[in-house]
> 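Sharing a structure, written as structure tokens. Questions coming.
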Amino acid sequence: ADQDEVSPSSIWPVLAKVLRCTRVGRQNAIANNKIRESTAVLIWPEGGDAHVKHVENGITYQFDFTKCMFSSGNVTEKVRVASFDCKDE
């Protein structure tokens with residue numbers, strides 16, 4: 001192969017480094033089924049952990065982004081839930 005050619009799989013670790021992240025995923029269209037499942041995929045690293053942590057309005061969300069979709073809406077309800085005492089949860 002020509003040394004100037006770059007394989008698509010070699011781009012992901014470089015992109016992750018530039019973006020200062022440990023994983024690269026791709027959001028796809030929501031599945032057109034009864035429960036509207038996520039079709040997002042983890043692109044890099046292959047076989048890696050797809051769990052993410054997102055903090056919004058003092059609430060920390062942790063989920064597998066390939067199985068669960070996140071919506072940043074409904075701020076009032078999220079702020080209400082953030083006030084719960086969950087220290088032993």
Side-chain angles (χ1 to χ4, degrees):
D2 187 330
Q3 69 184 33
D4 293 330
E5 290 181 22
V6 177
S7 73
S9 63
S10 68
I11 292 171
W12 304 125
V14 174
L15 179 64
K17 184 175 182 178
V18 168
L19 295 176
R20 296 183 183 154
C21 61
T22 58
R23 293 162 290 182
V24 177
R26 180 179 63 231
Q27 179 67 44
N28 293 318
I30 298 167
N32 188 18
N33 61 19
K34 193 174 185 177
I35 59 173
R36 297 176 37 88
E37 295 170 292
S38 170
T39 60
V41 294
L42 180 66
I43 296 172
W44 182 86
E46 276 189 52
D49 183 8
H51 283 85
V52 295
K53 182 177 4 180
H54 175 76
V55 179
E56 183 177 291
N57 296 317
I59 302 171
T60 301
Y61 301 89
Q62 293 184 19
F63 54 95
D64 180 335
F65 81 92
T66 66
K67 296 184 174 131
C68 180
M69 295 183 289
F70 178 82
S71 172
S72 58
N74 202 356
V75 173
T76 305
E77 178 65 5
K78 290 179 181 180
V79 169
R80 184 185 74 83
V81 172
S83 70
F84 292 178
D85 179 9
C86 300
K87 69 179 182 186
D88 294 326
E89 295 287 323

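Keep in mind that what you see is a predicted model, and the values were worked out from it rather than measured.
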> Please find the pair of heavy atoms, one from Arg26 and one from Ile43, that lie closest to each other, and give the distance.
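In terms of heavy atoms, the two residues are closest at CB-CD1, 3.5 Å.
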
> Would you compute the distance between atom CD1 of Ile35 and atom CD1 of Ile30 and round it to the nearest 0.5 angstrom?
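Interatomic distance, Ile35 CD1 to Ile30 CD1, rounded to 0.5 Å: 12.0 Å.
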
> Checking Asn33 now: which residues fulfil side chain to side chain donor-acceptor pair (under 3.5 Å) with it, not counting sequence neighbours?
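With neighbours one apart ignored, the set is Glu37.
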
> Are Met69 and Val41 connected, step by step, through hydrophobic side chains (Ile, Leu, Val, Met, Phe, Trp, Tyr) whose heavy atoms are closer than 4.5 Å?
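They do not share one cluster, since no chain of ILVMFWY contacts under 4.5 Å joins Met69 to Val41.
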
> Between the side chain of Arg23 and the main-chain N/O of Ala50, is any donor-acceptor distance below 3.5 Å?
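Not confirmed, Arg23 side chain does not pair with Ala50 backbone.
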
> Please tabulate, for side-chain N and O atoms in residues 12-22, each donor-acceptor pair with protein atoms closer than 3.5 Å (sequence neighbours left out).
none

> Could you state the interatomic distance from SG (Cys68) to NE2 (His51), rounded to the nearest 0.5 Å?
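One gets 9.5 Å once the value is rounded to the nearest 0.5 Å.
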
> Going from OG1 on Thr39 to CG on Asn32, what distance comes out if it is rounded to the nearest 0.5 angstrom?
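Between Thr39 OG1 and Asn32 CG, I get 11.0 Å after rounding to 0.5 Å.
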
> State, to 0.1 Å, how close Gly48 and Leu42 come at their nearest heavy-atom pair, and which atoms those are.
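Distance-wise, the nearest heavy atoms are O-CD2, 3.3 Å.
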
> Can you give me the closest heavy-atom contact between Lys67 and Ser38, atom names plus distance?
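Minimum heavy-atom separation between Lys67 and Ser38: C-CB, 4.3 Å.
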
> Holding to side chain to side chain donor-acceptor pair (under 3.5 Å), I want the full list of residues that pass it with Asp85, two or more places apart in sequence or in another chain.
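Result, side chain to side chain donor-acceptor pair (under 3.5 Å) vs Asp85: none returned.
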
> Looking at every heavy atom in both Ala82 and Ile59, which two are closest together, and how far apart are they?
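Nearest pair, atom of Ala82 first, then Ile59: CB-CG1, 3.2 Å.
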
> What heavy-atom pair brings Gly25 and Phe65 nearest, and what distance separates the two atoms?
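Of all heavy-atom pairs spanning Gly25 and Phe65, the closest is CA-CZ, 3.9 Å.
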
> Distance check, rounded to the nearest 0.5 Å: Tyr61 atom OH versus Lys53 atom NZ?
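Between atom OH of Tyr61 and atom NZ of Lys53 there are 14.0 Å.
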
